[in-house]
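Take a look at the structure set out below.
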Amino acid sequence: MLDKDGYATAIDASSKSLAAPVGQLRSAVTDNFATGGELTGKKVFTSNQTSQRQIKVHDETTRKFGPRGTTRFTAADPQFTDASALKTTTGALVVFSHTHTQHDAVAAPGLRIIPEKEDRAWLGTSPSPAFTYTFTCSDIAAVPSVPEASSLLGYSCRRTDAKAAGPSASV
């Protein structure tokens with residue numbers, strides 16, 4: 001929404017006047033990765049291509065090792081806590097970030113994960129029974145001012161850390 005001078009109107013992204021303040025948006029995005037949206041993701045966001053893409057990451061990644069290993073996504077404290085929101089005719093356009101981790105572990109003693117080519121800058125080439133990756137993501141959502149589901153419009157994630165994670169044989 002534009003003011004009388006033609007400028008967009010900023011509003012507080014954590015405002016209770018929004019159906020989902022930024023804290024709920026962060027939780028829902030992380031839930032899409034962690035559970036496939038089963039706890040909050042599918043309640044906060046409409047089912048659209050962007051939300052489904054996050055859920056697909058969960059579904060495919062948590063099954064990538066088959067019976068030989070496990071993958072678990074969890075929320076992490078956001079590296080960037082600021083969020084911005086611009087008023088729209090139906091609510092707000094909210095830009096925020098979230099951080100999550102991915103923990104990969106073998107399912108049995110003696111097994112090792114070999115770092116993939118794109119992971120070697122972080123991890124080298126030494127196999128390990130477990131790795132933990134940290135991702136920082138930028139997200140944008142259309143959030144209504146009435147109690148309805150929000151629409152996740154886009155996101156982009158980049159690895160910001162990775163490390164071997166101890167001798168345990170499972171998550």
When every non-hydrogen atom of I113 is compared with those of A130, the smallest separation belongs to CD1-CA, 4.4 Å
Check whether the side chains of H58 and N32 place a donor and an acceptor atom closer than 3.5 Å, and report yes or no.
no
Close side-chain approach of T70 and F65, heavy atoms under 4.5 Å:
no
Measuring only between side-chain heavy atoms, which start at C-beta, is F96 closer than 4.5 Å to I140?
no
Taking salt bridge (Lys or Arg N to Asp or Glu O under 4.0 Å) as the test, write out the residues that go with R120, two or more places apart.
none
State, yes or no, whether a side-chain contact exists between T61 and Q102 at a heavy-atom distance under 4.5 Å.
yes
Do T74 and T101 have a side chain donor and acceptor closer than 3.5 Å?
yes
Might you point out which heavy atoms bring P67 and A107 nearest each other, and give the distance in Å?
O-CB, 3.5 Å
Heavy-atom side-chain proximity of L25 to V94 below 4.5 angstrom
yes
Apply ring-ring contact (aromatic ring centres under 6.0 Å, His included) to H98 and F33, showing your working.
CA-CA 11 Å; H98 80 276; F33 287 104; 5.8 Å; yes
Just distance, no hydrogens or angles: give the donor-acceptor pairs under 3.5 Å from side chains in residues 141-156, sequence neighbours left out.
unit_1 : atom_1 : unit_2 : atom_2 : d
S145   : OG     : T90    : O      : 3.4
S151   : OG     : T46    : OG1    : 3.4
Y155   : OH     : R53    : NE     : 3.4

Donor on one side chain, acceptor on other, T30 and H100, under 3.5 Å:
no
Inspect the contact between D104 and K64 and indicate whether a charged nitrogen and a carboxylate oxygen are less than 4.0 angstrom apart.
yes
Mind checking what makes side chain to side chain donor-acceptor pair (under 3.5 Å) contact with S47, not counting sequence neighbours?
Q52
Using a 4.5 Å cut-off on heavy atoms from C-beta on, say whether the side chain of D59 contacts that of K56.
no
Using a 3.5 Å distance criterion without hydrogens, assess whether the side chain of D5 forms a donor-acceptor pair with backbone atoms of Y7.
no
Over all atoms of both residues, closest heavy-atom pair of F45 and A28
CE1-CB, 3.4 Å
Smallest separation among heavy atoms of W122 and D161, with atom names:
CZ3-CA, 3.5 Å
Determine, for K42 against E38, whether the closest basic-nitrogen to carboxylate-oxygen distance falls under 4.0 angstrom.
yes
State yes or no: do L111 and F131 share one hydrophobic cluster built from I, L, V, M, F, W and Y residues joined by side-chain heavy-atom distances below 4.5 Å, directly or via other members?
yes
Heavy-atom closest contact (T40 atom, S27 atom, distance)
OG1-O, 3.6 Å
Are the side chains of R159 and T136 in contact, using a 4.5 Å heavy-atom criterion?
no
Mark yes when over 12 heavy atoms from residues, nucleotides or ligands other than Q49 sit less than 6.0 Å from its CD; otherwise mark no.
no
Atom of A92, atom of L18 and distance for their closest heavy-atom approach:
CB-CD2, 3.7 Å
